[in-house]
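Everything below concerns the one structure shown next.
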Amino acid sequence: MYILEKAPAKINLSLDVLYKRPDQYHEVEMVMTTVDLSDRVEMFWLEEQTIVIESENRFVPNDERNLAYRAAKLLQETYKVKAGVKIKIDKQIPVAAGLAGGSSDAAAVLRGLNQLWNLKLSVERLAELGSEIGSDVSFCVYNSTALAKGRGEKITELPPPPKCWVILAKPSQGVSTQSVYKSLKLDEMEHPNTKAMIDAIYRSDYEDMCARLQNVLESVTLPKNPEVQQIKQQMVDSGADAVLMSGSGPTVFGLVKHESRAMRLYNSLRGFCEEVFVVRMLGVNQTLD
Ligand code: ATP
């Protein structure tokens, strides 16, 4: 028996950090959506109770440090599953990029094993389990557009964003999410208007969505990584309607309406960056253009 799940990357249209909680986690408010740059996660039934990870990517661990492994282990232990699984990950999403690649793989494993092991769990339950693995996993279980609150695990689904092209560019240097949060100076930063972003999405107002893009983590990552700032500037100079860093970075994304402009951005960034992708947001509103 075999299941194939796509594990799409996510971008943050808006990312706010409200305060540090007594449990040391940060209370966040993030508007997130998925894009059609996906890892392929294949799951093969094993009779014996083992979990095997296979991936060709040298940055991805093939053992219990892999978030996909942890997702399988959590299901196996929680529901006393006697079977095992071999998980093959074909990595397309850049690693440690602010695109939640590992979280999305873990979410794909939760969805896939729910079928393969016939667990009959609801999406809500899978998202709840996901939050034990990592803060972005709950969002990735839903695979949609959503507001994420709490430490990222409280999900309210939103309508699809207005139709546009997304150009993703990943600078060479990876960024550690933990160290970015550690360096954050909460009282010195300008906070995004999350409600206005949500309103823009409800109205399918592309211009207003562009105007509301904001990520407080830029205040830490940009000064430390001049390459990220350079790529942002290059995107603006090449005609992007709006530009933002995703998550803790370093990936930058630019939004444009038309395909010809998307290709212009792609070509102008190829000289700066090895990893550039032209993608669509998933589940976008096709009717309201
Ligand atoms: P986020 O946006 O959620 O902070 P990210 O995109 O910055 O995540 P990931 O690509 O998820 O970062 O990887 C972060 C680290 O997690 C990597 O250094 C890697 O060693 C580890 N990791 C564990 N499992 C995976 C996986 N399945 N895919 C990628 N990285 C993984």
### Query
Side chain of Thr145, backbone of Leu158: donor and acceptor closer than 3.5 Å?
no
### Message
Assess the residue pair Lys195 and Asn193 against the criterion (side chain to side chain donor-acceptor pair (under 3.5 Å)); give the C-alpha distance rounded to whole Å, side-chain angles, the decisive distance to 0.1 Å, and a yes or no.
### Response
CA-CA 6 Å; Lys195 189 179 170 308; Asn193 187 337; over 6 Å; no
### Task
Please check if atom CD in Glu48 has more than 12 non-hydrogen atoms from other residues, nucleotides or ligands closer than 6.0 Å.
yes
### Query
Are side-chain heavy atoms of Leu217 and Val17 found at a separation under 4.5 Å?
yes
### Task
Could you tell me whether a side-chain N or O of Asp36 sits under 3.5 Å from a main-chain N or O of Val279, the two making a donor and an acceptor?
no
### Query
Rounded to the nearest 0.5 Å, how far does CG of Asn57 lie from CG of Asp90?
9.5 Å
### Query
So does Asp199 pair up with Arg203, basic N to acidic O under 4.0 Å?
no
### Query
Stepwise, does the side chain to side chain contact (heavy atoms under 4.5 Å, CB included) test hold for Met209 with Met197?
CA-CA 6 Å; Met209 176 177 80; Met197 170 59 85; 3.9 Å; yes
### Message
Using a 6.0 Å cut-off, check whether atom CD of Glu27 has over 12 heavy atoms from anything other than its own residue.
### Response
yes
### Query
Can you tell me if Arg151 uses its side chain to pair, donor with acceptor, with the backbone of Ser131 under 3.5 Å?
yes
### Query
For the residue pair Ala240 and Val243, what are the closest heavy atoms and their distance?
CB-CG2, 3.6 Å
### Message
Would you say that Leu265 contacts Trp165 through its side chain, given a criterion of any heavy-atom pair below 4.5 Å between the two side chains?
### Response
no
### Query
Going by atom types only, do Ser183 and Lys224 share a side-chain donor-acceptor pair under 3.5 Å?
yes
### Atom pair CG (Leu129) and OH (Tyr79), whose distance is rounded to the nearest 0.5 Å
5.0 Å
### Task
Starting at CG of Leu126, measure out to SG of Cys140 and round the result to the nearest 0.5 Å.
13.0 Å
### Message
I'd like to know if the side chain of Thr34 reaches the main chain of Leu282, judged simply by a donor and an acceptor atom lying under 3.5 Å from each other, with no hydrogens or angles considered.
### Response
no
### Query
Can you tell me how far the OG atom of Ser104 sits from the CD1 atom of Ile93, to the nearest 0.5 Å?
5.0 Å
#### Entry: Side chain proximity check, Ser172 to Glu227, heavy atoms < 4.5 angstrom
yes
### Message
Apply side chain to side chain contact (heavy atoms under 4.5 Å, CB included) to residues Arg125 and Asn114 and explain how you reach the verdict.
### Response
CA-CA 11 Å; Arg125 178 66 188 131; Asn114 191 31; over 6 Å; no
### Message
Has Asp205 got a side-chain atom pairing as donor or acceptor with Asp208's backbone, closer than 3.5 angstrom?
### Response
yes
#### Entry: Audit row: His191, Glu29, side chain to side chain contact (heavy atoms under 4.5 Å, CB included) steps and yes/no
CA-CA 10 Å; His191 293 270; Glu29 261 185 9; over 6 Å; no
### Query
How close do Tyr25 and Asp23 get, heavy atom to heavy atom, and via which atoms?
N-OD1, 3.0 Å
### Message
Count I, L, V, M, F, W, Y as connected when their side-chain heavy atoms are under 4.5 Å apart, and connections chain through other members. Are Leu213 and Leu269 then in the same cluster?
### Response
no
### Task
Find out if a path of hydrophobic residues (ILVMFWY) with successive side-chain heavy-atom gaps under 4.5 Å connects Val137 to Ile51.
yes
### Task
Supply the atom-to-atom distance Trp117 CH2 to Lys82 NZ, rounded to the nearest 0.5 angstrom.
12.0 Å
### Message
Tell me if a side-chain donor or acceptor on Asn267 pairs with a main-chain N or O of Met263 at a distance below 3.5 Å.
### Response
yes
### Message
Name the residue from Val228, Asn225, Leu222 that meets the side-chain contact (heavy atoms from CB on, under 4.5 Å) definition with Pro250.
### Response
Val228
### Message
One thing to verify: whether Asp105 and Lys91 come together as a salt bridge, which I'm taking to mean a side-chain N less than 4.0 angstrom from a carboxylate O.
### Response
yes
### Query
Same cluster for Val85 and Met1 if Ile/Leu/Val/Met/Phe/Trp/Tyr side chains link at under 4.5 Å?
yes
#### Entry: Side chain to side chain, Phe277 and Leu99, heavy atoms closer than 4.5 Å
no
### Query
For the residue pair Ala96 and Lys170, what are the closest heavy atoms and their distance?
O-CE, 4.4 Å
### Query
Do Val81 and Val109 share a hydrophobic cluster, counting only Ile, Leu, Val, Met, Phe, Trp and Tyr and linking them when any side-chain heavy atoms are less than 4.5 Å apart?
yes
### Task
Please report the C-alpha distance between Asp136 and Met32 in whole Å, then the side-chain angles of each, then the deciding distance to 0.1 Å, and finally whether the side chain to side chain contact (heavy atoms under 4.5 Å, CB included) criterion is met.
CA-CA 10 Å; Asp136 284 341; Met32 299 152 100; 3.6 Å; yes
### Query
Are any of the side-chain heavy atoms of Ser103 and Lys10 separated by less than 4.5 Å?
no
#### Entry: Minimum heavy-atom distance between Ala71 and Ala106, given as atom pair plus value
CB-O, 3.5 Å
## Note on the structure
Closest non-hydrogen atoms of Val141 and Arg111, given as atom of the first, atom of the second and distance, are O-NH1, 3.4 Å
#### Entry: Side-chain touch Leu168/Ile11, heavy atoms, less than 4.5 angstrom
yes
### Message
Tell me if the OH atom of Tyr2 is crowded by more than 12 foreign heavy atoms within 6.0 Å.
### Response
yes
### Query
What do you reckon, is CD of Glu190 surrounded by more than 12 foreign heavy atoms closer than 6.0 Å?
no
### Task
Using distance alone, with no hydrogens and no angle criterion, decide if Glu47 and Trp45 have a side-chain donor and acceptor under 3.5 Å apart.
yes
### Query
Under the 3.5 angstrom rule, does the side chain of Asn215 hit a backbone N or O of Met245 as a donor-acceptor pair?
yes
### Query
What's the shortest heavy-atom distance between Asp39 and Gly101, and which atoms?
OD2-O, 4.0 Å
### Query
Would a hydrophobic clustering, with Ile, Leu, Val, Met, Phe, Trp and Tyr connected at side-chain separations under 4.5 Å, put Phe253 with Ile201?
yes
### Task
Please confirm whether the backbone N or O of Gly239 pairs with a side-chain atom of Arg261, one donor and one acceptor, at under 3.5 Å?
yes
#### Entry: Flag side-chain contact, heavy atom, 4.5 Å: Asp16 against Gln214
no
### Message
Quick one, Val252 and Gln234 - any side-chain contact, counting heavy atoms below 4.5 Å?
### Response
no
### Query
Nearest 0.5 Å, what's the CD-OG distance between Glu218 and Ser248?
11.5 Å
### Task
May I ask you to check whether over 12 heavy atoms, not counting those of His258, lie within 6.0 Å of atom NE2?
no
### Query
Any donor and acceptor pair, going by atom type alone, linking the side chain of Arg280 with main-chain N or O of Cys164 inside 3.5 Å?
yes
### Query
Relative to Tyr206, does Lys257 satisfy both conditions: NZ or CZ under 6.0 angstrom from the six-membered ring centre, and within 45 degrees of the ring's axis?
yes
